[in-house]
Protein chains: 2
Amino acid sequence: MTGKRRASTNVTIIDIAREAGVSKSTVSLVLKGSTLVADETRDRVSRAMSKLGYVYNRGAANLRGAQSSIVGMVINDLSNPFFAELAIGIERVLRTSGYIPFIANTAESVVRQAEVVRSMREHGASGIILSPALDTDGREINSLLDLGMPIILAIRRVPGARASLVASDNMAGAARVTQHLISLGHRRIAFLGGMGAMAVRKDRIAGFTQALEEVGLRADPALMLESMPTKDGAFTAMSALLSRPDWPTAVVCFNDVVAIGVMQALSRKGLLPGRDMAITGFDDTTEARQVSPPLTTVSVDAGDLGERAAQMLLRQIAAGNQTTETYIGEARLVVRESCCPPPRERKVS
Amino acid sequence: MTGKRRASTNVTIIDIAREAGVSKSTVSLVLKGSTLVADETRDRVSRAMSKLGYVYNRGAANLRGAQSSIVGMVINDLSNPFFAELAIGIERVLRTSGYIPFIANTAESVVRQAEVVRSMREHGASGIILSPALDTDGREINSLLDLGMPIILAIRRVPGARASLVASDNMAGAARVTQHLISLGHRRIAFLGGMGAMAVRKDRIAGFTQALEEVGLRADPALMLESMPTKDGAFTAMSALLSRPDWPTAVVCFNDVVAIGVMQALSRKGLLPGRDMAITGFDDTTEARQVSPPLTTVSVDAGDLGERAAQMLLRQIAAGNQTTETYIGEARLVVRESCCPPPRERKVS
DNA sequence: CTGAAAGCGCTTACAG
DNA sequence: CTGAAAGCGCTTACAG
């Protein structure tokens with residue numbers, strides 16, 4: 001009903017002081033929860049604040065040196081449930097710490113990422129947990145670090161960056177899932193998804209290759225396909241693969257989202273994942289359990305990684321960003337129903 | 001390598017002015033992109049800024065009356081992909097507007113919601129898009145509005161709140177999906193999920209009831225079951241229903257997430273959704289397509305709703321929050337494979 | 001416990 | 001185009 005001009009344009013600590021009949025120092029003390037103020041005085045001030053609709057002005061406070069209470073959470077793809085789970089894990093620990101996490105989504109754009117990080121710095125964020133967009137430059141991370149901003153890299157390492165890292169054991173996970181396929185009898189196995197520049201992809205391919213070499217096989221470059229790490233990207237890449245003559249009998253997918261896109265491409269061709277071709281994922285998102293057939297994948301516990309990242313950030317903020325820590329979470333094989341042995345009739349030479 | 005104390009603690013507009021050999025007014029003009037500054041001067045200032053690692057101090061600027069460039073996006077459940085899609089739609093339009101959206105997750109906690117909204121106000125957010133937590137009080141929304149803060153309610157209306165609203169046509173959607181079940185021959189239909197206090201649930205139940213009454217049936221209170229709008233909550237509620245004697249032949253679920261929980265409860269009992277019992281969802285999240293069998297549901301286009309909400313917020317910020325708008329998005333029936341006719345042998349009297 | 005004073009980093013008129 | 005001055009709302013010593 002009213003028509004005030006702008007939020008927080010009016011009532012200040014001085015108005016409160018006048019209303020409560022104290023000095024503004026006292027109001028400030030109440031704001032900070034100081035024990036120096038008498039209970040009766042504190043009550044009077046609190047009542048004045050709610051009566052006048054007072055809003056604390058963080059900007060003014062930060063200006064004078066107060067600790068800001070926000071931390072940034074910069075996520076490269078919020079539509080991927082894996083990152084949503086990560087975000088929720090982060091919030092779980094930050095919630096009890098007095099910090100409020102502000103999330104921003106970059107949708108894999110480094111330009112957007114720079115904007116968002118800048119905005120968070122401008123607003124006085126105490127630290128940032130960054131799940132970096134593709135093609136993030138290590139030097140950018142380092143210059144942030146040099147300015148004294150605590151940064152925790154999550155999920156994706158950035159070559160050349162000196163920041164702390166929380167990620168999962170991509171190499172071991174990929175090796176395990178590949179070994180599983182080999183034990184089912186597969187010899188002609190593709191790796192699909194992710195872009196060439198991604199460190200995570202390199203690590204998973206290293207595990208994949210290592211598992212093959214352990215049994216005297218080698219990775220066929222013609223079966224290592226890139227795609228954007230999205231359902232659509234994977235669908236397209238898999239459809240292209242299926243239009244070629246010599247199919248693999250199994251596909252190790254970059255992650256669950258990619259695996260789901262790959263399954264859709266198979267279905268489109270009338271093929272059934274888990275019967276006509278073995279498919280594996282990575283991440284063990286809730287979707288992995290819900291697709292049909294349920295996806296054999298690698299569990300990395302995104303929520304736990306989020307918690308670790310938040311704890312690490314809190315430590316760095318407290319310590320003043322001196323140390324660099326690394327936490328590599330376990331990557332467990334989760335066998336469900338998306339993997340069959342290779343079909344006899346299509347066995348290759 | 002360095003050891004600066006805190007981010008943004010040092011270099012200010014004055015340092016830049018000195019470095020570039022101009023006055024600080026000029027630096028401020030450059031910061032605002034004013035055309036009054038000569039190109040050569042602008043360059044000199046820009047170089048000085050990057051040389052010294054300057055970070056704009058939003059707090060100080062806002063203090064003096066500058067427009068803040070953040071808007072808040074407060075989401076009640078980020079782990080529900082529906083809300084992730086909503087968030088992404090919001091970002092899509094905000095991205096081109098110069099505003100940076102900061103997202104916060106309340107996990108259905110009104111306490112958390114109050115904290116988060118307060119923090120956003122303290123940081124000078126220009127407006128907030130709020131997907132309210134359960135049990136949000138209309139008076140809280142109204143007092144925010146009275147302070148001049150533009151607020152757009154998204155997805156869930158709040159009884160008593162005077163804020164603008166972007167939501168979907170819950171009543172029509174629920175009626176459509178119920179009519180679909182009736183046309184398949186169902187007469188004994190349950191409604192499952194959501195908590196009693198939720199306005200959205202009330203609207204959907206109204207559509208459900210109306211569709212039944214159109215054909216001379218009435219909703220059986222024993223078949224209207226509450227649950228938290230989560231997979232686990234739905235699983236529990238459905239399991240309880242299945243332990244009772246007279247099952248329904250079809251279940252209209254509060255949303256897709258609930259439907260998936262219901263399906264899992266059926267599977268646990270050895271029953272197949274779409275063969276032994278008809279199940280419907282609401283929202284048409286990407287998961288609805290991926291579950292097995294694919295879910296018959298109501299499509300509400302979360303991304304589009306997000307875009308509408310963002311456009312509405314931008315309008316309100318520009319206009320100074322005078323008008324109250326409402327946008328109700330269409331709710332289309334999407335028929336997939338989770339609905340069968342009622343089984344003959346279990347047909348009730 | 002309270003008051004007076006200084007200053008954080010910026011923007012905004014107002015003269016030049 | 002540029003400089004000098006005032007002031008936004010808070011916190012921080014410093015006296016009392």
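Lettering follows sequence order; numbering is per chain, from 1.
- Take the nearest nucleotide of DNA chain D for B:Thr35 and for A:Lys32: the residue whose nucleotide is more 5' is B:Thr35.
- Put simply, CZ on A:Arg64 is 12 Å from C1' on C:dG9, counting in whole angstrom units.
- A donor and an acceptor atom sit less than 3.5 Å apart, one in the side chain of B:Lys24 and one in the base of C:dT11.
- Checking C:dC10, C:dA13, C:dG3 against the side-chain heavy atoms of B:Ser25 singles out C:dA13 as nearest.
- The CD1 atom of A:Ile14 sits 12 Å away from the P atom of C:dA4 (whole-angstrom rounding).
- Under the side chain to side chain contact (heavy atoms under 4.5 Å, CB included) criterion, A:Leu314 pairs with A:Val93, A:Leu94, A:Ser97, A:Tyr99, sequence neighbours left out.
- In the set C:dG3, D:dC10, C:dG9, C:dG9 carries the atom at the smallest distance from any side-chain atom of A:Leu63.
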Item checked: Pairing annotation in dot-bracket form, given for DNA chain D with Watson-Crick or G-U pairs under 3.5 Å and | for cross-strand partners -> |||.||||||||.|||
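- For B:Ala60, counting side-chain heavy atoms from C-beta on, the closest listed nucleotide (D:dT11, C:dT2, C:dG9) is C:dG9.
- To the nearest angstrom, C1' of D:dG9 lies 15 Å from CE of A:Met49.
- In the set D:dT2, D:dC10, C:dC10, the nucleotide with an atom closest to the side chain of A:Ile13 is D:dC10.
- One can place CG of B:Asn62 at 11 Å from C1' of C:dT11, the figure rounded to the nearest angstrom.
- A side-chain donor from one of B:Gln316 and B:Ser164 sits under 3.5 Å from a side-chain acceptor of the other.
- The main-chain N or O of A:Leu78 is found under 3.5 Å from a side-chain atom of A:Asn105 such that the two form a donor-acceptor pair.
- Using a 30° and 60° split on the angle between ring planes, B:Phe102 and A:His123 fall in the perpendicular class, above 60°.
- Dashed line: the shortest gap from a side-chain N or O of B:Thr12 to OP1 or OP2 of C:dG9 is not under 4.0 Å.
- B:Arg44 places its CZ atom 12 Å from the C1' atom of D:dC1, with the value rounded to the nearest Å.
- A donor and an acceptor atom, one from each side chain of A:Ser109 and A:Thr106, are nowhere located under 3.5 Å apart.
- Residue A:Ser28 has no polar side-chain atom (N or O) positioned under 4.0 Å from OP1 or OP2 of D:dC10.
- For A:Tyr56, whose side chain is taken as the heavy atoms from C-beta onward, the closest listed nucleotide among C:dT11, D:dT11, C:dT2 is D:dT11.
- A donor-acceptor contact shorter than 3.5 Å is absent between the side chain of B:Arg95 and the backbone of B:Ile100.
- In this entry the distance linking CG of B:Leu36 with C1' of C:dA13 reads 13 Å, nearest Å.
- Out of D:dG3, C:dT11, C:dT2, the shortest distance to the side chain of B:Thr26 is found at D:dG3.
- Contact annotation: B:Ser23 reaches the phosphate of D:dG3 (side-chain N/O to OP1 or OP2, under 4.0 Å).
- Checking side-chain atoms of A:Arg162 against main-chain N and O of A:Gly138 turns up no donor-acceptor pair under 3.5 Å.
- Base contact: A:Leu29 has a heavy atom under 4.0 Å from a base atom.
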